[in-house]
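Step one of this worksheet: look at the structure below.
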Amino acid sequence: MKIATDIGGTFTDLVFTDEKGNLHFDKGHTTPGHFEDGILNVLGRHVTEESLIESFIHGSTVIINTLTERKGGVVGLITTKGFRDVIEIARGNRPDLYNFKYKKPQPFVERYLRQEMDERIDFKGNIMKALNTEEVDEIVRKFKKLGVEAIAISFIHGYKNPIHEQQLKEEILKIWPEVYITLSSETIKEYREYERTNTTVLNSYVKPIAHAYLKSLKEKLSTIGITDHLKIMQSNGGTTSFDKAMELPINLVESGPVAGMFGAAKLGQLLNESNIIAFDVGGTTAKCSLITDGKVNVTTDYYIERNEKFAGYPIKTPVVDIVEIGNGGGSIARVDPFGSLKVGPDSAGANPGPVAYGLGNTQPTITDANVYLGRLSLENFDNPVSIDKVEEALVEAIAKPFNVTAEEAAQGILDIANSNMLNALKLISIRKGYDPEDFTMVAFGGGGPLHAINLAEELGMKKVIIPYGSSVFSALGMMMTEYRQDYIQTSLMGFDANHLAAIQENIDQAIANAYADAPLSKDHYYFEINYDLRYKGQEHAVKLNASTSTITEEGLRELAEAFHVKHKQEFSFDLPATPIELVNLHLTIYGKDEAVQFKELDFSQVDASTCIKAQRNLYVKGTGWVEVNVYDQQKLVPGYVIAGPAIVENPTSTVVINDKQSIEIDKYGNLIVEMEGK
């Protein structure tokens with residue numbers, strides 16, 4: 001049995017295989033405060049101590065929630081003399097340029113918790129001033145007195161030579177062995193002192209929470225016989241061990257969502273769709289990512305809490321490039337003080353949840369709007385749904401302030417939510433120079449299929465794919481991932497024939513480091529090489545993939561030509577006569593794990609003649625109430641085409657297609673929606 005679990009803000013998803021390799025799904029409510037209990041609740045329905053566990057993969061929002069809710073540990077920062085205020089100075093390129101009341105992000109470490117040490121290493125890694133370890137006792141004494149739980153150590157140019165950071169860690173552990181310590185050189189080996197220091201601080205901030213959570217989860221899993229082969233999803237789209245995750249939990253900041261993006265890429269490869277917009281709507285958030293030429297885009301320019309008015313906090317570790325907004329099924333609709341309708345980012349969460357849950361909430365949500373307009377079946381809720389209470393919430397909160405009907409209020413909620421989601425989709429496509437018409441949308445999560453059709457239509461997209469097991473697709477994506485570690489090293493030098501030997505030496509050293517860290521023998525792995533390149537004198541770099549780990553003059557020329565093209569696409573100009581510089585070498589090691597693959601389903605026992613389960617009144621914008629057929633997805637067979645308007649549903653997911661659109665199921669169980677005129 002292979003198992004994957006994904007904790008969301010509202011639901012905890014489970015995917016597992018049986019002895020024949022067939023996939024099974026389940027969902028349970030998330031249990032805030034004790035997330036591991038939600039996992040045990042859903043696992044307990046299917047796993048016993050006698051179950052033979054081949055692997056257990058876990059994805060979680062614990063890290064991102066700890067950061068956004070400010071519930072981490074007390075952190076003390078130690079840095080090079082003169083650089084105490086790096087994380088407060090931050091960057092001057094603020095997003096809200098003309099806001100004279102703009103405030104920079106407040107550091108996660110107050111100034112009185114930042115200590116300096118008299119040491120210096122230059123940008124080439126040469127020791128200019130040795131570390132003075134006589135200061136350690138006094139710093140530790142201060143930190144203990146101030147209640148510090150974790151220490152972040154970030155020396156200037158520690159990415160190039162980590163010796164002083166390592167020496168300081170050893171000295172601290174001699175006198176304070178129980179404290180959590182993070183070194184910048186262990187977290188990331190890229191230059192940019194602000195981003196590197198902030199990433200190190202954030203890792204220390206979440207480390208006590210992550211350690212306690214993963215330790216508790218391991219203990220509780222052992223009660224049902226799951227003790228070995230424990231893996232956790234990283235933000236880079238690969239997996240790692242629980243032990244490594246405890247040391248570098250910042251690598252889990254987008255642990256759950258990225259698995260769905262990776263699964264969408266795998267599905268695209270299966271269906272010969274190389275360009276995909278992956279779109280995931282859960283109970284709390286909506287997320288999207290662009291997949292080009294079959295590859296998920298991984299970036300180290302990731303920020304939390306960043307928006308058009310706030311600079312956010314940089315995390316300089318590899319993260320799948322995702323745009324995330326606070327619009328999910330549980331997002332609350334309200335009228336703001338200026339009389340405008342707003343949806344999200346506040347969420348009703350798992351408890352009390354939407355009004356339709358019947359657990360006491362009186363504020364309407366996106367789910368309530370979908371229920372009232374006939375888009376969701378009342379039979380698929382755990383508790384009986386009172387339409388009267390849903391209507392009352394819509395009328396009191398939205399309809400009365402705007403003097404409209406309950407239907408118009410519900411439709412307005414969906415319109416605002418779709419507008420928010422559309423902006424996110426444009427950020428990862430149009431704003432980056434890509435035409436959505438050249439892409440296929442893969443929509444998943446509990447709410448993705450509900451919203452995807454209208455959004456794809458607005459973007460002029462050709463097709464929408466609702467994958468098999470769409471409501472738990474992120475957990476399913478975890479089953480298809482493999483071991484992955486990224487090794488990024490700043491190596492500033494010319495990208496030309498004069499530096500070929502030095503570039504190759506860096507590649508060979510990175511490969512040697514990766515093999516040294518890998519848990520299995522060499523034949524279990526393969527590599528990918530990326531170069532971060534820029535024009536000499538420029539600031540920002542472009543990432544280019546290389547097909548081989550051996551660099552030649554011909555390969556260098558080909559990469560240079562590709563760089564000019566990509567630079568123009570990303571920045572709208574190129575400078576062919578300007579020398580090119582190598583900024584970072586990015587090596588990724590992958591494990592050749594036996595990942596779960598998509599399988600053809602057995603439709604031999606399915607009777608398509610019974611696929612229409614009911615008729616239901618559906619509110620159509622601009623038309624009003626229309627009676628449509630409701631189809632049971634579990635009774636569809638390949639070749640059976642459904643013309644819209646219609647509803648296709650299973651117990652955990654619903655698709656609503658509009659007039660002149662069609663939908664059918666393929667041999668893998670995916671629903672394929674063909675858009676009008678495409």
Side-chain angles (χ1 to χ4, degrees), residues 123-125 159-162 185 188-191 234 236-238 240 262 265 269 274 291-300 317-318 320 481-536 538 540-567 569-570 574 576 578-593 595:
F123 76 101
K124 294 181 179 179
Y159 64 91
K160 198 66 178 176
N161 185 348
S185 53
I188 188 160
K189 294 187 177 181
E190 281 191 66
Y191 77 143
Q234 298 183 106
N236 62 8
T240 191
F262 185 85
Q269 293 169 13
S274 58
I291 297 164
T292 55
D293 298 324
K295 292 194 173 186
V296 176
N297 182 31
V298 176
T299 179
T300 56
T317 58
V320 171
T481 56
E482 51 206 358
Y483 172 89
R484 171 174 174 157
Q485 294 294 331
D486 289 85
Y487 297 83
I488 305 173
Q489 176 69 63
T490 293
S491 305
L492 291 169
M493 66 180 75
F495 197 67
D496 51 44
N498 294 329
H499 294 87
L500 273 179
I503 295 171
Q504 188 63 59
E505 183 180 347
N506 285 343
I507 293 172
D508 294 341
Q509 184 59 55
I511 292 175
N513 292 340
Y515 276 141
D517 292 343
L520 301 174
S521 59
K522 291 184 178 182
D523 58 348
H524 286 84
Y525 304 99
Y526 65 98
F527 295 95
E528 181 179 84
I529 305 287
N530 284 277
Y531 300 101
D532 290 341
L533 305 175
R534 70 183 181 191
Y535 288 119
K536 189 172 183 179
Q538 294 284 314
H540 297 290
V542 168
K543 189 177 290 291
L544 280 182
N545 179 256
S547 58
T548 175
S549 59
T550 302
I551 187 76
T552 63
E553 287 195 38
E554 182 181 355
L556 189 146
R557 284 193 296 270
E558 291 175 354
L559 285 166
E561 291 172 4
F563 166 76
H564 295 307
V565 172
K566 191 165 184 181
H567 192 281
Q569 181 187 38
E570 292 193 11
D574 61 351
T578 303
I580 301 172
E581 285 184 330
L582 171 64
V583 180
N584 299 312
L585 175 69
H586 184 170
L587 179 136
T588 306
I589 179 173
Y590 298 94
K592 299 176 183 177
D593 295 341

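Put simply, CZ on Phe527 and CD1 on Ile511 are 5.0 Å apart, with the number rounded to the nearest 0.5 Å.
Tyr535 and His564 form a side-chain donor-acceptor contact under 3.5 Å, judged by distance and modelled atom types alone. Using modelled atom types, one finds no donor on one side chain facing an acceptor on the other under 3.5 Å when comparing Tyr531 with Asn545. Between the side chains of Asn506 and Gln504, no donor-acceptor pair of N or O atoms lies under 3.5 Å. Tyr526 and Glu482 share a donor-acceptor pair across their side chains, judged by distance under 3.5 Å alone.
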For Tyr483 and Gln234: C-alpha separation, side-chain torsions, deciding distance, then whether side-chain hydrogen bond (donor to acceptor under 3.5 Å, both in side chains) applies.
CA-CA 10 Å; Tyr483 172 89; Gln234 298 183 106; over 6 Å; no
Test salt bridge (Lys or Arg N to Asp or Glu O under 4.0 Å) applied to Arg484 and Asp486, step by step:
CA-CA 7 Å; Arg484 171 174 174 157; Asp486 289 85; 3.0 Å; yes
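Residues Val320 and Gly237 come closest through the heavy atom pair CG2-N, 4.0 Å.
Note on Glu561 versus Lys566: no salt bridge recorded, every NZ/NE/NH1/NH2 to OD/OE distance being 4.0 Å or above. Looking at Arg534 and Glu581, a side-chain N of the basic residue comes within less than 4.0 Å of a carboxylate O on the acidic one, giving a salt bridge.
Put simply, the residue from Asn584, Asp532, Thr299 that forms a side chain to side chain donor-acceptor pair (under 3.5 Å) with Lys543 is Asp532.
Annotation: side chain to side chain donor-acceptor pair (under 3.5 Å) contacts involving residues 549-560, sequence neighbours excluded, are absent.
Checked by atom type and distance alone, the side chain of Gln489 never pairs as donor or acceptor with a backbone atom of Lys160 at under 3.5 Å. Side chain of Asn236 to backbone of Gly238: a donor-acceptor contact under 3.5 angstrom is found.
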